[in-house]
Structures are given as structure tokens and as C-alpha cells.
Amino acid sequence: MQQPFVTGTSCKPCAPNPWEVPGAKPFIQIEGVVKRFGAFTAVNKIDLDIYQGELFSLLGGSGCGKTTLLRMLAGFDNPTEGRILIDGQDMTGVPAYDRPVNMMFQSYALFPHMTVENNVAYGLKREGLPKREIRERVNAMLKMVELDSFAKRKPHQLSGGQRQRVALARALVKQPKVLLLDEPLGALDKRLREHTQFELMDIQDRLGVTFVVVTHDQEEAMTLSTRIAVMNQGEILQIDTPTNIYEYPNSRFAAEFIGSANMFEGQVQRNGKGSTFHADGLSSEIRLGDKTEVDHGTAVTVAIRPEKIFISRTQPENAESMNILPGRINDIGYMGKYSIYRVDIGGGRIMEVSAQNRQRHHESERTLDWDDTVYLSWLPSSSVVLTK
Amino acid sequence: MQQKRNSTFIISVLCFGFAFLYVPIFYLIAYSFNSSKLVTVWGGFSTKWYGALLQNEQILEAALLSLRIAAISATFAVLFGTLAGLALARFRGFRGRTLFSGMITAPLVMPEVITGLSLLLLFISLEEFIGWPAGRGVSTITIAHITFSMAYVAVIIQGRLSGVDESLEEAATDLGAKPFRVLWDITLPIVSPAMISGWLLAFTMSLDDLVIASFVSGPGSSTLPMVIYSKVKLGVSPDINALATIIIGLVTVGVICAAVLMFRQENQRARDMQMAASE
Amino acid sequence: MSADTNMDTGLEMGKDAPLQSRGGLRQLGNRLQSQWKRLVIALPYLWLFIFFLVPFAIILKISLAEAIIARPPFTDLLEWTEGEFLPSIYVTLENFQYLLEDDLYWLSYLNSLKLATISTLLCLLVGYPMAYGIARSSQTMKNILLLLVILPFWTSFLLRVYAWMGILNTHGLLNNMLEVAWNIGMALGLTDAPFEPLQIMYTETALYIGIIYSYLPFMILPLYANLEKMDFQLHEAAQDLGSKPATVFLTVTLPLSMPGIIAGSLLVFIPATGEYVIPALLGEPDTLMIGRVLFDEFFVNRDWPVASSVAIALLVFLVVPMMVYQHFQSKAEVM
């Protein structure tokens, strides 16, 4: 398979990724954790290791158990079964106020009756530190999040982005071993979110604190994380780097939840040359990558990402090495930098294809238009074979 | 926001309703300045009934007693009611929660005669068995008032807390504060306005209570409403008008001050938030 | 104490928390911290248990006891409690039987229920449009009107009822004003009969006026709270879909404000049923209302067992509306 770009996405290129080092000691160990609320199982037998300095994301839809898992790390909920170790220490029975972790709440949970300064100082006061040290650390932290001129303000006198930074400062000033972030950017508008994303990564990189982020936003998880755990119905489906999760999803859920994908169901057929795939209700066969390790006749789902497909008015020439399907354009969604084409490939099937709009819309000689007959083509190795 | 105008029907009902609510109050005020002893005939302006009121030792004594009972019972009602409201708003599952919330809401709607009778019978039984309370008087009235007004305080506190994000308290815990510290640093400051209004409500209700106090009071412990009741049962009397005017005046000034204060604070807050958002 | 495991973090903590090496006082502090939920609940729970629940048990007990009419109330109870030391307990339903047999009790129950029902409906009739009007006013107006509803609530209830005595009297404000109007009418030649003052005081009408007046704020406030939260875009949506204003009201507003209507109605109905002061001051001298009957039975006849059984019977009447109220309260709690 040709995947020249897939090498993991750590920000320190020289250091090996800790989860790839054999024998490396995980910083957070979640061992067989189950959480039930009455008859409802929110978290079902989760095992997970998170390493020092990671920016780890728990990604999933609402009710998938990601927040419950985070709250168990913080100590607000106790696992029904299993245990959690942080830095080798069993956290069972350790109350939230004694844990070496701090949390940034989704609502920020800034104390409305305290100034920014006092909000940030609150955790340090609980440690009983001398006043001078508290003041110095608070000032340094406020300077870092660029809020030193807002120290005397109350939370309601701040904008959303400023509040988010106060919440971050308040949690970080305690110098926790782990910072838990519950939808850290959820309450911000889109533009601010993008800016803050990079700020957050920058801070994490500078302080080297392990971040565990809960998010439902796949883009956010992709940009921020060293690794992502995709969760659904209380279980972890896949743990991997953002690139690998996107390019090599291991389940239908993961493939559909992160980005979009065209899905075909059918059977794998193996012969001398390699593997092909016979999709239900599709006349031609789809060639799969060489490394497909699925037995002949297995029922699988094949997923192809829209941007991996080329769309052209004329039949591509290298027909030998490509999968090619003819179709008719049903719908075009113009998104600015790219367009989404919904192409009818017969048999009541629609494939979604996205293509960059490299030329100005009306300047290109002939743009693709509704009802145009087109050819869709993609490399066999772009097809992802999913057994789950 | 687009505000639809109220229809003529609604406006006339509003006018009628408020007239209905306020005519008796204005009547009391106006006739407290009536110089005629015949309360139904206007005999010219006079403040002599206020003078008469100040001479009436029975009323003054009862008023002092009532104020004392109201202050003590309101304080305890806020203490217990705050704890109860906290438990209802923040502890989801504990054994006996249904009974607990039942005991909180029931006094709100319980007919006063039943509350009064049941408490009286309790006090008598207690006296039989443990010799306390010896007779009935200020202490039994205070206990009775604490019991029914703490329910109101609990409901106010619960209402206030359920509107407050629980993660505030979790955040404090997360930052290393132990439960009592969280209560002291976070929860209590947040509910303190509700505690103040709860105290005022408990205070007023205690000052206002006639039926329950009649059941559980003893000789020599007549509260202000009891004295007023025994007087007005015989008919309208002008010095009671004067008393009513004083009470109405105090309450009105108090309520308006509180409202203006709150209004100002809210406005300030709204301005602050607008400024913060535009920065 | 805690059924739900996510709440009882503190309960096991006492044993497992790493505090073996710390001093005794610290340990005690930690033990208290870990038990804090219990402490918070215990105080109000205990208070309400002793001063709210136990009294009802006592009422029930006495209602099942025999009355010894000739004796003063104290010995009455004492004798019964001494009887408890014997293996046999005297339980009698005679008092309840008595309630059934004597018309007085039936009539006063029915009369109380009738009065409370009519008053509730009248309160709703006046209160609903008022609450609706307040909810749809501008923000400033809303605050002012709400303040005007709450203000009487803070002033003495007794004195406000008393004010009506002065207004409704045969020679009271109302009749005085009517007389003036009548005299003007006479001067204009509209009538030549002499003025007959209206007899409102000490009638059922006066009683209704007093009850509605006293309980109107209890109707308006929950209704307002409900209507204020209502999204008036729903009305626009209903109109957009072709409903006339009356239909919008019947199909959208009214059903959605049902919780408010129920809460307000119960807040009026339940206390009105047991009302004592208003009938005593404004009603006919022999108005049969259960609150008065109970009061008199206890203080005038000194028949404690019968008074207690009257109270129990009243509770039985009210227990369903009370449960409904409780149900709505706890539902509002969840929302």
C-alpha cells in the first residue's frame, strides 16, 4: 500500500511516540472499568492506557459514555467495576479533592462571586500555600493566558473566549499531572474555536501536561490529539492516531463518525491477482488493496472517502489500476473551496465525491453540471475493508 | 424581541384585578387618618389614631412579642430550610428522599387548622412524657413557625440551586476543596440572596400567622395577630386601621427598596455582559 | 443513606482514604467530611419528623380514642395513654361513626368543598387573564405588575381581610358610595325609592370576596411562572398554520399552561377548604365550614377525639389534591 504520509502526528518529530515504545509505562491506566446507573450501562468494560504528555481525545456522540469516563477520572463518579490508576497509584476511594488531576468544565464553572484572580487562586489556597507564592503563580498563569489585565473582573464581565481561558488557567495553576477537558471549545463560536484550538495545543506542548479531552466534534479531535479513542455505546471502538483513524477506520461506526464515507456491503472474493469485492446490487466488481487480509466469501463493508475519488467527464486512461464507475450527477453542493457531487451510479445508489475547486467557478472551460455523465475512479488501496 | 400588545379584554381584567387587590389597602390607609370615631363616616383628617395606637400597651406588647418570635423562627427556618433545599436539589438518591420531599411540600398546602391542632397535640403529649415543653407559649409558637416556614425556605433554596450549574461545586471539589469547604465557599454565597428572601418570607409569615399561633400559644403569650383578631371580631376599629397603615407602609418601602436594588443589579450585570461581549 | 452509587463517594471513603498516619482530630474532621451528606440531611429531616410527621400520628391515635366528655382534655389523653400499658389497646371508630351520623359534619365538609371549588374557579377566571397579561407585558411593566401582585402577599393577611369588613359593612364604604350614586340618580329623577343598603357583610358573597381576594396571588404567581416561560412563537406558528386567536388559545396556550393551572388551583383549593379566619370574620355567623367546626370542636366542645377525627377526615379529602400537587412539584423539579 502506498501511504507515504502516514507516520503518526506527534509534535516532537525526534521522540518516538510513547505508545509505540514497548514496555513504556502508561501514565493513566483504565482497567476493565464498568459504570452502571441502575439498569443502564454507561461505560462497558473499558481498558485504556494514556501516556505522559499525550493529548488524548475521547470522541463520540452524546450518551456514548465519554463524559462518564472523564468524570470517573476526576473522581466525581466511581466505577462500578474495574479500577483507574494515575501515575501508578490506584485511585479507588480517593475523593475528587485529593486527586492529582484537574478539570476544565464544559460550562467552565467559574465561580460567579469571585474575581478572575480569586477563581484562579482558589485551588492554590486549598493547598495552603503561602500567600506570596499563590500571588506569583496566579500572576504568572494569568500572564500566560493573556488575562493579566482582567484579574479584578468578575466572570460575567468577560467574553466567552476569556472565560474559557480563565477556566484553563484555574485548572492549570494547580500544576496537575493530568488535565481533563470536557468539550473545551464547545461553547465558543467557530472562528474563536479554531484560534483557541492551536492555543490549547501550544500550552499543552509548553507545559507537557497530559491532556484528556472529551469531545463530540471530530474535527476538533483530529486537530488537537496525539491519539483518539472513538467511543460508542459505552465501548471503545478504536484507539489510534488521528491519521490512522481517518485512513484506517476499523469499523463502520468509526468510518462514518469521522469524516464521511461511501459504504458498500458485499462479499470479498479472492483469486490469484488479489482481492476483489462484490457489492450487493452493483454490477461491476471493486478491486481492493493488496494487503487486504480477509478470507474469500466474507461479508464486509467497503468504505471509500469522497475525496479519494476522482471525478471526470472522460473515462480515465489507466483503467487497469483503478476502480472505475460511470454515473450521472444528481446534485452539486458548492462549498467554496471544494464541491460535493452526488453521483447516481445506477441501482438506486448514490456516491458522494468531493473535488477541489481549483479554478474560479465560471472561468474553467466547462464545469461539471447537473445530469452530466461522469466517471468516478479511485485506487484499489483507497478502499477500506471493514468487518465490524 | 417582538412584544405583542395585550388585548382590551386582558387590559380591563388587569385593571379590575389590581383595583380589587388594592382598594382595601387604600381604604385602610385613608381611613386611618379619619378623625371620626365612626369608621364609616369621614370626619376630617387626623393622626390621632396613631397616637392612640402608641398608647395601647396591649398591642405594643403583642407586636414586640411577635417581632421576637418572627426573628427567631425566621433564622432557624433559614438554617433548616437551606439544608433541606440543598439536600433536595443536590442529593439525588438517598433513602427516605420521597418521605423527605413529601414532608417539605406538605406544609405548603396543609390547612392551618390541621397543622395547628397536630402541633398542639404533640406539645401536650411531649409534656406528658418528657415534661417539655412546660406549658405553651413563646417557645411552642416559635417551634410551630419554624416548622411551617422552613418548608417555604426549602422550596426557595431548591428553586435557586436547581438553576445553578452543579459543576460549580464540582469545580471547587476538583480544585481540592473538601465538602464543607465547598458548601461554605461556593454553595452558600450563591444561595445567599435566596436565603435572604427566605428569611424575609419566614419572618412575614410568622408575623402574619393567626390560626396556628392560636392553637399552640398559652396564657400570656398573645401574638399581634391574636390581639388584632380579638379586637376586629367585635367590629371595625380605627386604631387597627392606623396599625395596618404602618405595616403596609413598612412592607411597601421594604419591598420597593429590594426590587429597585435587584433591578439595578440586574441592569448593571446586563451592561457588564454587553461590554464584555463587545470587547 | 445513598441508594445511587454515584452519590456516595463519601461513604466508603472513611475507611479507604489515606489518613492512617494523621492525627485524631484530623481523622474526626475527615470522618465528618465523608459523612457530610448525612449531616446536611439529618437536621431538617429530624425536625420535620418530630414536628410534622409525629403530630399526625398523634392525631390519628387520638381520633381512635374514646372521648370522656366530662373530663378536661389533659386527663382525657392521659387516661388513654395509661391504657397503652395494658396488653389490650382501646381502638374505637366511634368518632368517625359519629362524623358520619351527624349531619353537621357532612354538611360542613360539603359546604367547605363547594366554597373552595367555586372560589378556585373564580380565582382562575380572574387570575388567568391577569397572569397572561402580565406575562405578555414589556420587561419593565412585567416587573412592576409582578411587584404589585406580590406586595399584598407580604402585608398582613388578617388586616387585609379586616379591610373588607369596613368596605362591605351595611354602613361601609361600598354602601356609602352606592348611596351617593343613588342620591344623584334620585336628583336626576331616575328613581324615587329610598336607598336600601346592600347586605353583603356576613353573607356567602362576602365570604367569596374574602377568599378570592386573599388567594388570588397564589393563583396568579404559578400561572405567571408558567406563561412567562411559554414560547410565544408557538402562537405565531399556530396562527401561521391557520388558527384563529380563539383556537390558538384553546389548542396551544391552554393545554401548555395546564401545569400552572393545576398548581395555582391546588394552592387555592387546599387551604381554602380548611380556611378558618375568613368565614369567621366575613361569613354568616353560622357558616358551616370544616375549619371552623374543627376549631369549635376543639376549643368550645373540648372534644379532642372528635376534633382529631375531623382533622383526619379533612386530610383524607385533601390527600388526593395534595398528592397531585406534590407530583407536579417534583415534575417541575426534574424539568
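Throughout, a chain's letter reflects where its sequence line sits, starting with A, and its residues are numbered from 1.
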For this session: With a 4.5 angstrom heavy-atom cut-off, could you sort out which part of B/Leu210 is near chain C: side chain, backbone, both or neither?
Result: side chain

For this session: Please flag which part of B/Met103 lies under 4.5 Å from any non-hydrogen atom of chain C: side chain, backbone, both or neither.
Result: both

Problem set entry | Which atoms of B/Leu14 approach chain C - backbone, side chain, both or neither, heavy atom under 4.5 Å | both

Exercise. What option among B/Ala244, B/Pro107, B/Pro225 has the most heavy-atom pairs under 4.5 Å with chain C?
Worked result: B/Pro107

For this session: State yes or no: are the ring centers of B/Tyr31 and B/Tyr27 separated by less than 6.0 Å?
Result: yes

For this session: Among the options B/Gly102, B/Ala259, B/Gly159, pick out the one with the most heavy-atom pairs lying under 4.5 Å from chain C.
Result: B/Gly102

For this session: With a 4.5 angstrom heavy-atom cut-off, could you sort out which part of C/Trp154 is near chain B: side chain, backbone, both or neither?
Result: both

Exercise. Say you draw a straight line from CG of B/Leu126 to OG1 of B/Thr140; how long is it, rounded to the nearest 0.5 Å?
Worked result: 11.0 Å

Exercise. Once the angle between the rings of B/Phe26 and B/Tyr22 is folded into 0 to 90°, is it parallel (under 30°), tilted (30 to 60°) or perpendicular (over 60°)?
Worked result: tilted

Exercise. Is the C/Phe249-C/Tyr128 ring centre distance short of 6.0 angstrom?
Worked result: yes

Exercise. Quick one: what part of C/Ile150 sits under 4.5 Å from any heavy atom of chain B, side chain, backbone, both or neither?
Worked result: neither

Seminar exercise, completed: Bottom line for B/Met110: the part with an atom under 4.5 Å from chain C's heavy atoms is both

Exercise. Relative to chain B, which segment of C/Ile209 carries a heavy atom at a distance below 4.5 Å: side chain, backbone, both, or neither?
Worked result: both

Exercise. Considering only heavy atoms, which portion of B/Ser214 lies under 4.5 Å from any heavy atom of chain C: side chain, backbone, both, or neither?
Worked result: both

Problem set entry | Contacting moiety of B/Thr204, where chain C heavy atoms sit under 4.5 Å | side chain

Seminar exercise, completed: Looking only at B/Phe263, B/Phe215, B/Phe9, B/Phe16, most heavy-atom pairs under 4.5 Å shared with chain C are made by B/Phe215

For this session: Let me know if C/Phe299 has heavy atoms under 4.5 Å from chain B in its side chain, its backbone, both or neither.
Result: side chain

Problem set entry | Heavy-atom contact with chain C under 4.5 Å, split by part of B/Leu86 | side chain

Exercise. Considering only heavy atoms, which portion of C/Leu148 lies under 4.5 Å from any heavy atom of chain B: side chain, backbone, both, or neither?
Worked result: both

For this session: Nearest 0.5 Å please: distance from the NZ atom of C/Lys142 over to the CG atom of C/Leu147.
Result: 15.0 Å

Problem set entry | Among B/Leu79, B/Val23, B/Ile146, residue most engaged with chain C (heavy-atom pairs, under 4.5 Å) | B/Ile146

Exercise. Among B/Ile25, B/Ile247, B/Ile256, which has the most heavy-atom pairs under 4.5 Å with chain C?
Worked result: B/Ile25

Exercise. Which bit of C/Val161 comes within less than 4.5 Å of chain B, counting heavy atoms only: side chain, backbone, both or neither?
Worked result: neither

Exercise. If only atom types and distance count, is the side chain of C/Ser112 paired as donor or acceptor with the main-chain N or O of C/Ile290 below 3.5 Å?
Worked result: yes

Seminar exercise, completed: Applying a strict 4.5 Å limit to non-hydrogen atoms, the region of C/Leu158 in contact with chain B is both

Problem set entry | C/Thr273, part contacting chain B, at a heavy-atom distance under 4.5 Å | neither

Seminar exercise, completed: Between the CZ atom in C/Phe51 and the CG atom in C/Leu46, the distance rounded to the nearest 0.5 Å is 9.5 Å

Problem set entry | Interface moiety of B/Leu224 toward chain C, non-hydrogen atoms closer than 4.5 Å | neither

For this session: Indicate whether the side chain of C/Tyr162 and that of B/Asn241 have a donor and an acceptor atom separated by less than 3.5 Å.
Result: yes

Problem set entry | Under 4.5 Å from any heavy atom of chain B - which part of C/Ile212 | both

Problem set entry | Contacting moiety of C/Leu315, where chain B heavy atoms sit under 4.5 Å | both

For this session: For the pair B/Arg97 (side chain) and B/Leu88 (backbone), establish whether a donor and an acceptor sit closer than 3.5 Å, ignoring hydrogens and angles.
Result: yes

Exercise. Non-hydrogen atoms of chain C under 4.5 Å away: do they reach the side chain of B/Ala106, the backbone, both or neither?
Worked result: both

Exercise. So C/Tyr213 and C/Arg160, side chain to side chain contact (heavy atoms under 4.5 Å, CB included) or not? Walk me through it.
Worked result: CA-CA 9 Å; C/Tyr213 176 69; C/Arg160 280 181 298 126; 3.5 Å; yes

For this session: Counting only heavy atoms closer than 4.5 Å, note whether C/Leu318 contacts chain B via side chain, backbone, both or neither.
Result: side chain

For this session: Let me know if C/Leu216 has heavy atoms under 4.5 Å from chain B in its side chain, its backbone, both or neither.
Result: side chain

Problem set entry | Geometric class of the C/Trp304/C/Phe298 ring pair [parallel <30°, tilted 30-60°, perpendicular >60°] | parallel

For this session: Identify which part of C/Phe157 has an atom lying under 4.5 Å from any heavy atom of chain B, answering side chain, backbone, both or neither.
Result: both

For this session: Take atom CZ of C/Phe56 as the centre, draw a 6.0 Å sphere, and report whether it contains more than 12 heavy atoms from other residues, nucleotides or ligands.
Result: yes

